[in-house]
J.: 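Have a look at the structure that comes next, please.
All values below were derived from every heavy atom in this structure, side-chain atoms included, with hydrogens, water molecules and symmetry-related copies excluded. Lettering of chains follows the sequences in order, A, B, ..., and the numbering in each one begins at 1.
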Amino acid sequence: MKEMSRIVKTVTNFVYGFIIIFGLYIIAHGHLTPGGGFQGGAVAGSAFALLLVSYGSLNSNKFLKKDIFSLFENFGLVLFIVLGFSGLGITFFYNFLANSGSWFGNAAFIGINPGDMNTGGVIPLMNIAVGLEVLSAFGVIVLTMASGAEFTKKKEKS
Amino acid sequence: MSSFVEIIHISTLVMMIIASFLAVVFRKLLPSIIALSVASLLLSLEFYLLHAPDVAIAEAAIGAGLTMAIFIFAIRGTR
Amino acid sequence: MKKIIFGIAFIIFFSFLIVSAVNMRTFGEPIISEMDDYFIENAQSETGANNVVTSIVFDYRGFDTLGEATVLFTAVVGIVALFRGVKR
Amino acid sequence: MIGNLPYVAVVIFIGLGIYTLMFKKNLIKIAIGIVLIENGVNLFLITLGYRKGAIAPIYTQAPSGQAMVLPTPQALTLTSIVIGIATTALILSIAMMIYKHYGTLDTDEVRRLRG
C-alpha cells in the first residue's frame with residue numbers, strides 16, 4: 001500500500017503517542033476503573049494500525065520490526081503461565097499476593113471507596129502480561145497482512 | 001427521565017439494524033465494510049447503555065478499528 | 001431449484017427464531033442469579049480488586065483466559081506460517 | 001415500552017448473517033456474514049445479564065445502595081470478542097491466498113478450477 005498525503009502523516013505524528021499512552025493507562029488501572037489487559041492492548045494495537053496505514057507498508061518496515069513484536073508476544077504468554085503456576089501450593093490460579101502486605105497486597109476497603117492503586121494481588125501483574133501479549137499479537141497480525149497484500153495482488157502492467 | 005433513556009435505546013437498536021441491513025445489501029465491497037463498521041460502533045453504544053463499560057471499550061477498539069483495517073488490507077490484496 | 005429449497009428452509013428457520021424471541025422471558029429480569037450475587041458480595045474481600053469483571057476474568061475463571069491466550073497465539077502462528085514465503 | 005426489542009434485534013442480526021452465508025458467492029462477503037453472527041451472539045449474552053434499574057459492577061466512585069448488573073456474562077463476552085478478531089484475521093488470510101492461487105474469489109469458480 002502506498003503512503004498517504006502529507007496532512008494524514010502530520011496528524012498521525014501528532015496523535016499516535018497519545019493513543020499508546022492511553023492504552024497503557026487502561027492496562028495499568030485495570031483493577032479500579034473500566035478496562036483491563038484486553039482493552040488496553042486493543043487500543044494500543046490500533047495505534048500501530050494507524051501508523052501502518054498512513055506511512056505505507058514499505059516505509060513502515062524501517063521502524064516497526066516484526067521480530068521484536070514476536071519476541072514480546074512470547075514473553076507475555078510465558079509470563080502469564082508462570083504467574084498462573086506460582087500459586088500451585090494451594091490451587092492453580094490462586095491469588096497468593098492478595099491481603100498479604102507485599103506487592104499490590106493492601107487489604108481493600110469493603111463497599112464503595114475512591115480506589116487504591118496498591119490492591120489486587122496478582123491481578124495487575126496478569127493485566128500487564130495479557131496486555132503485552134495482545135498488543136504484540138495485533139501488531140504481528142497487521143504487519144503480516146499488510147506485507148501479504150502486496151504479495152497476493154495482481155501485478156500492474158508496466 | 002427514564003423515557004428519554006428508552007427513546008435513545010430504541011433509536012440505537014433501529015439504526016443498528018438498518019446499518020447491518022445495508023452491509024448485506026450493498027454490491028461493492030468498500031461501502032459494505034463502512035456500513036459494517038458503523039453497525040459495530042452503534043453496538044458499542046448499545047453495550048454502554050446496558051451498563052457494560054468493559055465490553056463497550058473492547059468493542060469500540062476492536063470492532064470499529066482493527067476489523068476495518070484488516071478488511072481493507074484484504075480488499076487491497078484481492079483486486 | 002437449489003435456491004428455492006434454500007429459501008424455504010431459511011424462511012422456516014427465521015420464523016422459528018422470531019417466535020422464540022417474542023416468547024422469551026421479560027427483558028431486564030434475570031431468574032437465576034445465585035453465583036453472580038456471590039461474586040458481587042465477596043469479590044472485594046477475596047481478591048482485593050474493585051472491578052468485579054476483572055476479578056472474574058483473571059481470578060475465578062483463569063482457565064478461560066489461559067485458553068483465550070492460547071487461541072490468539074495459535075492464530076498468529078497460523079497467519080505467519082501462511083505468508084512465510086513473502087519477502088518484505 | 002421497550003418490550004422484547006433487544007431479543008428481536010439479536011434474531012435479525014443472526015438471520016442476516018445466515019442469509020449472507022447461504023446466498024452470497026464472494027468470500028469477503030461471507031466473512032462479513034460471520035462477523036454479523038458474532039455481533040448477534042455478543043449482544044445476546046450481554047442482554048441476558050441485564051437487570052433493570054441497576055448499575056455497572058464497579059465499586060470505584062459508585063452511587064450507594066443500588067443493585068448491580070450480573071458480571072459473569074460480561075466476562076465471557078470479553079473473551080469472545082478477542083477470539084472473534086483472531087478467527088476473522090485467519091479467514092481473511094486464507095481468502096487472500098485462495099485469490100493468489102486461483103485468481104478469483106467466486107466460490108463456484110474456485111470449485112470448478114480444481115486441480
J.: With a 4.5 angstrom heavy-atom cut-off, which part of D:P57 approaches chain B: side chain, backbone, both or neither?
T.: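 The side chain, not the backbone.
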
J.: Return the option, out of B:G77, B:P53, B:G63, B:A52, with the maximum number of heavy-atom pairs under 4.5 Å with chain D.
T.: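 Heavy-atom pairs under 4.5 Å are most numerous for B:A52.
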
J.: Need one label for B:L29: side chain, backbone, both or neither, based on atoms under 4.5 Å from any heavy atom in chain D.
T.: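 Side chain only.
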
J.: Check the pair D:T104, D:Y99 against side chain to side chain contact (heavy atoms under 4.5 Å, CB included), reporting the backbone distance first and the verdict last.
T.: CA-CA 5 Å; D:T104 181; D:Y99 183 78; 5.5 Å; no

J.: Sequence neighbours left out, cut at 3.5 Å: what donor-acceptor pairs do the side chains of residues 33-45 of chain D make with other protein atoms?
T.:
from  : atom 1 : to    : atom 2 : distance (Å)
D:N42 : OD1    : D:S80 : OG     : 3.1
D:N42 : ND2    : D:E38 : O      : 3.3

J.: Contact part of B:I70 toward chain D, heavy-atom cut-off under 4.5 Å: side chain, backbone, both or neither?
T.: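 Contact with chain D involves both backbone and side-chain atoms of B:I70.
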
J.: Between atom CE of D:M96 and atom CG of D:L27, what is the distance when rounded to the nearest 0.5 Å?
T.: 12.5 Å

J.: Working to the nearest 0.5 angstrom, can you tell me the gap between D:L92 CG and B:I72 CD1?
T.: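 That separation rounds to 12.0 Å.
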
J.: Given heavy-atom pairs under 4.5 angstrom as the criterion, report whether the side chain, backbone, both or neither of D:I98 touches chain B.
T.: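 When you check distances to chain B, no heavy atom of D:I98 falls under 4.5 Å.
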
J.: Nearest heavy-atom pair of B:A23 and B:S32: which atoms, and what distance?
T.: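 Here B:A23 and B:S32 meet closest at O-OG, 2.8 Å.
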
J.: Looking at every heavy atom in both D:R51 and D:M68, which two are closest together, and how far apart are they?
T.: NH1-O, 3.0 Å

J.: Find the distance between CZ (B:R27) and NZ (D:K29) and round it off to the nearest 0.5 Å.
T.: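 Here the rounded value is 8.5 Å.
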
J.: Hey, which of D:L78, D:I46, D:V69 has the most heavy atom pairs under 4.5 Å with chain B?
T.: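 Most heavy-atom pairs under 4.5 Å with chain B: D:I46.
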
J.: Quick one: what part of D:A31 sits under 4.5 Å from any heavy atom of chain B, side chain, backbone, both or neither?
T.: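 Its backbone and side chain both get close to chain B.
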
J.: Roughly how far, to the nearest 0.5 Å, is the CD1 atom of D:I85 from the OG1 atom of B:T67?
T.: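 Reported to 0.5 Å precision, the distance equals 3.5 Å.
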
J.: Closest approach of D:G49 and D:P73, non-hydrogen atoms and distance?
T.: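 Minimum heavy-atom separation between D:G49 and D:P73: CA-CG, 4.3 Å.
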
J.: Contact part of D:K100 toward chain B, heavy-atom cut-off under 4.5 Å: side chain, backbone, both or neither?
T.: neither

J.: What residues of residues 14-21 of chain B sit under 4.5 Å from chain D when only non-hydrogen atoms are counted?
T.: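 Within residues 14-21 of chain B, near chain D: B:M16, B:I17, B:S20, B:F21.
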
J.: Heavy-atom distance under 4.5 Å to chain B: side chain of D:I28, backbone, both or neither?
T.: both

J.: Do you know which two heavy atoms are closest between B:A60 and B:S44, and how far apart they sit?
T.: CB-OG, 3.6 Å

